[in-house]
Amino acid sequence: MTFRLYDTATREVRDFRPLEEGKAGVYVCGLTVQSEPHVGHVRSAVNFDVLRRWLTHQGYQVSFIRNVTDIDDKILAKAAEQGRPWFNLAYEMHGKLTEALASINVLPPTYEPGATGHVPEMLELIDTLVTRGHAYAAEDGSGDVYFDVRSWPSYGELTGQKVDDMEAAEDADPRGKRDPRDFALWKGWKKESEPDTAAWPSPYGPGRPGWHIECSAMAGKYLGPAFDIHGGGVDLRFPHHENEQAQSRAAGHPFASYWMHNAWITTAGEKMSKSLGNALQVPKVLERVRGIELRFYMVSAHYRSHVEFSFEALDEAAVGFRRIETFLDKAGPGEAGEVPDAFAAAMDDDLGTPAAVAVLFDTVREANRSDAPAALAHFAPQVRAMLGVLGLDPADPAWGTTGSDDAALTAAVDALVAGLLEQRAEARAAKDFARADTIRDQIKEAGIEVEDTPAGPRWTLSNGAR
RNA sequence: GGUGGGUUGGCCGAGAGGCGAGGCAACGGACUGCAAAUCCGUGUACACGGGUUCAAAUCCCGUACCCACCUCCA
């Protein structure tokens, strides 16, 4: 069985054939660290984290590069607004991003390059493009360098557009461009409005890199001139990815073999974004559900489908996920085993996580049908394996609930509850059910649910956390 | 104007010519002292109008509505 994925460039599902047997190079456009990440940003990260885990599961040695854009117009503008250095803003927001991703168990990438650390690589690429006649220094002395769209006949191939059909960019300030669609590779320093910390020396004068060149340079540096998969959100297809591909290919690099783009999380039918004022910050959502539940909610939908975010749907997903956790609790700790064939087939089919989750539920139901230890021993490892691939294993220490303090606390509560449960057991034995129920209600008021199981009473925290 | 995507049962959300994914909710039942958990059962949904076909939610044509990109954006 081969892994197939939808390639946005060819608009079809294709077999995944890595450039090098057993290895996979993946580049994902991360964020511009200008503000706190919202759930939409994080969905993209989860999608590609699942891709990475699935490739790894199949035995690929994965190089997973996710960049961070730590300088751009917005960062400079915001920092100026807040009266602090741009690098301080970027650094702080980068920290928040890392936190948010950790809270939903997105693995750290193999490497997370930042734009500001790769200016020499970008200048080298720009130089190559200028030498080859695909880029030129602005004719107005601004210090900008532009990519010459007309010099690259296949410009538009990624998104199936023709340059002449594109909406005439109403570029109020042509800034020495030969064609309005030419885009900046290098942005000349604006002395009056930009701090000198935001300028790097270059043959074209001091300035800073344009957005698109960053990714081309960094992908090239860490994955080589040709690599397997390039990912990002759908909005990046154009212009960002189109531009990246044009630059890199014009410079003589084959670039990505496959392009993957994830769809949006919308609210009230609109794309979630800061400017629309409907952005939902991750910590805000985590006041309502646990990180693992948020991740489950995201994984339940296909990565290419729009998801209309709602707290109701999120809550429902959380309830469903708790059923899986309840099963795992019953099974007790153990190792992950093999993933069922149906699960693998679903994942192989362009990361069919919805179908994969269906297999997960099917397996849990199958196991629950029989309480026999043999059934548990058979199915529990499968469930753990599937959850592992999806990054949803509750036992994963990444969820951060198994610290020693927690363990000690759990033991303490357990001792207290055990005493009460003993009294309740006595009452039940004496058929004094009123008293038994009173005890159970008391415990419940403390936020602890008691269930009677064939193996005796069991307690859990009412909020679903353990 | 160009490009891409969408419209599925009470809700979420898959699928992509025949066989009712899965989850949540609801109702009935089993189990239980009662609960909880779990299991079993119950729902003939695919925007609209045509067409192709033995067979269409899935293909074709048309219509309506929605969204995204073409400017910074996961």
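By convention in this document, chain letters (A, B, ...) are assigned in the order of the sequence lines, proteins followed by strands, and residues within each chain are numbered from 1.
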[X], nearest nucleotide to its side chain (from [options]):
X: H306(A); options: G5(B), C39(B), A21(B); value: G5(B)
X: N368(A); options: A14(B), C39(B), G23(B); value: C39(B)
X: P354(A); options: A74(B), G13(B), G23(B); value: G13(B)
X: D72(A); options: C72(B), G22(B), A25(B); value: C72(B)
X: P239(A); options: C70(B), A74(B), C12(B); value: C70(B)
X: E316(A); options: G23(B), G22(B), G4(B); value: G23(B)
X: A301(A); options: C69(B), G22(B), A14(B); value: A14(B)
X: V319(A); options: A74(B), A16(B), C24(B); value: C24(B)

May I ask you to say what [X] touches in the nucleic acid, namely base, sugar-phosphate or nothing, with a heavy-atom cut-off under 4.0 Å?
X: H261(A); answer: nothing
X: T8(A); answer: nothing
X: D73(A); answer: nothing
X: R43(A); answer: nothing
X: G30(A); answer: sugar-phosphate
X: F238(A); answer: sugar-phosphate
X: A317(A); answer: nothing

Exercise. Any idea how F147(A) and Y155(A) line up, ring-wise: parallel (<30°), tilted (30 to 60°), or perpendicular (>60°)?
Worked result: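 The arrangement is tilted - the two ring planes meet at 30° to 60°.
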Problem set entry | No-H, no-angle donor-acceptor pair, D437(A) side chain to G33(B) base, under 3.5 Å |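 By the distance-only test, yes, there is a pair.
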For this session: Using a cut-off of 6.0 Å, state whether more than 12 heavy atoms not belonging to E422(A) lie near its atom CD.
Result: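 No, because the 6.0 Å sphere around CD of E422(A) holds 12 heavy atoms or fewer from other groups.
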Exercise. Quick one: stems for RNA chain B, with Watson-Crick or G-U pairs under 3.5 Å, at least three in a row?
Worked result: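 Ordered by first number, the stems with RNA chain B (at least 3 consecutive pairs each) read B:1-7 with B:64-70, B:10-12 with B:22-24, B:26-30 with B:38-42, B:47-51 with B:59-63.
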Rounded to the nearest Å, what distance is computed from the [atom1] atom of residue [X] to the [atom2] atom of nucleotide [N]?
X: D235(A); N: G5(B); atom1: CG; atom2: P; answer: 16 Å
X: E157(A); N: G2(B); atom1: CD; atom2: P; answer: 22 Å
X: Q161(A); N: C69(B); atom1: CD; atom2: C1'; answer: 7 Å
X: D349(A); N: A21(B); atom1: CG; atom2: C1'; answer: 13 Å

For [N] and [M], measure between their [atom1] atoms and round to the nearest Å.
N: A55(B); M: A47(B); atom1: C1'; result: 23 Å
N: G41(B); M: U7(B); atom1: C1'; result: 32 Å
N: G23(B); M: A37(B); atom1: P; result: 15 Å

Exercise. Is the phosphate of G4(B), meaning OP1 or OP2, less than 4.0 Å from a side-chain N or O of R11(A)?
Worked result: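 Yes, such a contact exists.
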Exercise. So, is S305(A) close to the A14(B) phosphate, meaning a side-chain N or O under 4.0 Å from OP1 or OP2?
Worked result: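 The answer is yes; a side-chain N or O of S305(A) sits under 4.0 Å from OP1 or OP2.
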For this session: Report the C-alpha distance between D348(A) and W54(A) in whole Å, list the side-chain angles of each, state the deciding distance to 0.1 Å, and finish with yes or no for side chain to side chain contact (heavy atoms under 4.5 Å, CB included).
Result: CA-CA 9 Å; D348(A) 272 337; W54(A) 184 237; 3.2 Å; yes
For this session: Decide side chain to side chain donor-acceptor pair (under 3.5 Å) for T32(A) and Q34(A); before the verdict, give the C-alpha distance in whole Å, the side-chain angles of both, and the deciding distance to 0.1 Å.
Result: CA-CA 6 Å; T32(A) 298; Q34(A) 49 132 337; over 6 Å; no
For this session: Flag as yes if F433(A) stacks onto the base of G33(B) (centroids under 5.5 Å, planes under 30°), otherwise no.
Result: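 Taking the rule of under 5.5 Å and under 30°, the ring of F433(A) does stack on G33(B).
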I'd like to know if [X] pairs up with [Y] as an ion pair, taking the criterion as any Lys NZ or Arg NE/NH1/NH2 lying under 4.0 Å from an Asp or Glu carboxylate oxygen.
X: R365(A); Y: D362(A); result: yes
X: E293(A); Y: R322(A); result: yes
X: E157(A); Y: K162(A); result: no
X: D452(A); Y: R424(A); result: yes

Polar atom pairs between nucleotides 6-8 of chain B and protein, under 3.5 Å, N or O only, would you list them?
none

For this session: Apply side chain to side chain contact (heavy atoms under 4.5 Å, CB included) to the pair T8(A) and V234(A), showing each step before the final yes or no.
Result: CA-CA 9 Å; T8(A) 330; V234(A) 278; over 6 Å; no
Exercise. Should the pair R11(A) and Y6(A) be classed as cation-pi, given the thresholds of under 6.0 Å to the six-membered ring centre and 45° from the axis?
Worked result: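 No, a cation-pi geometry is absent between R11(A) and Y6(A).
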Problem set entry | RNA chain B: 5'-proximal contact among A263(A) and A434(A) (nearest heavy atom) |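 It is A434(A) whose nearest nucleotide is closer to the 5' end.
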Problem set entry | Polar contact flag, side-chain donor to acceptor under 3.5 angstrom, H241(A)-Q245(A) |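 There is no such pair (donor and acceptor under 3.5 Å, judged by atom type) between the side chains of H241(A) and Q245(A).
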Exercise. Given Y222(A), which of F64(A), Y111(A), Y27(A) fulfils the ring-ring contact (aromatic ring centres under 6.0 Å, His included) condition?
Worked result: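 Only match with Y222(A) under ring-ring contact (aromatic ring centres under 6.0 Å, His included): Y111(A).
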Scan nucleotides 35-37 of chain B against the protein and return all N/O pairs shorter than 3.5 Å with their distances rounded to 0.1 Å.
from   : atom 1 : to      : atom 2 : distance (Å)
A35(B) : N6     : D452(A) : O      : 3.4
A35(B) : N1     : D452(A) : N      : 3.0
A35(B) : N3     : R440(A) : NH1    : 3.0
A36(B) : N1     : D452(A) : O      : 3.4

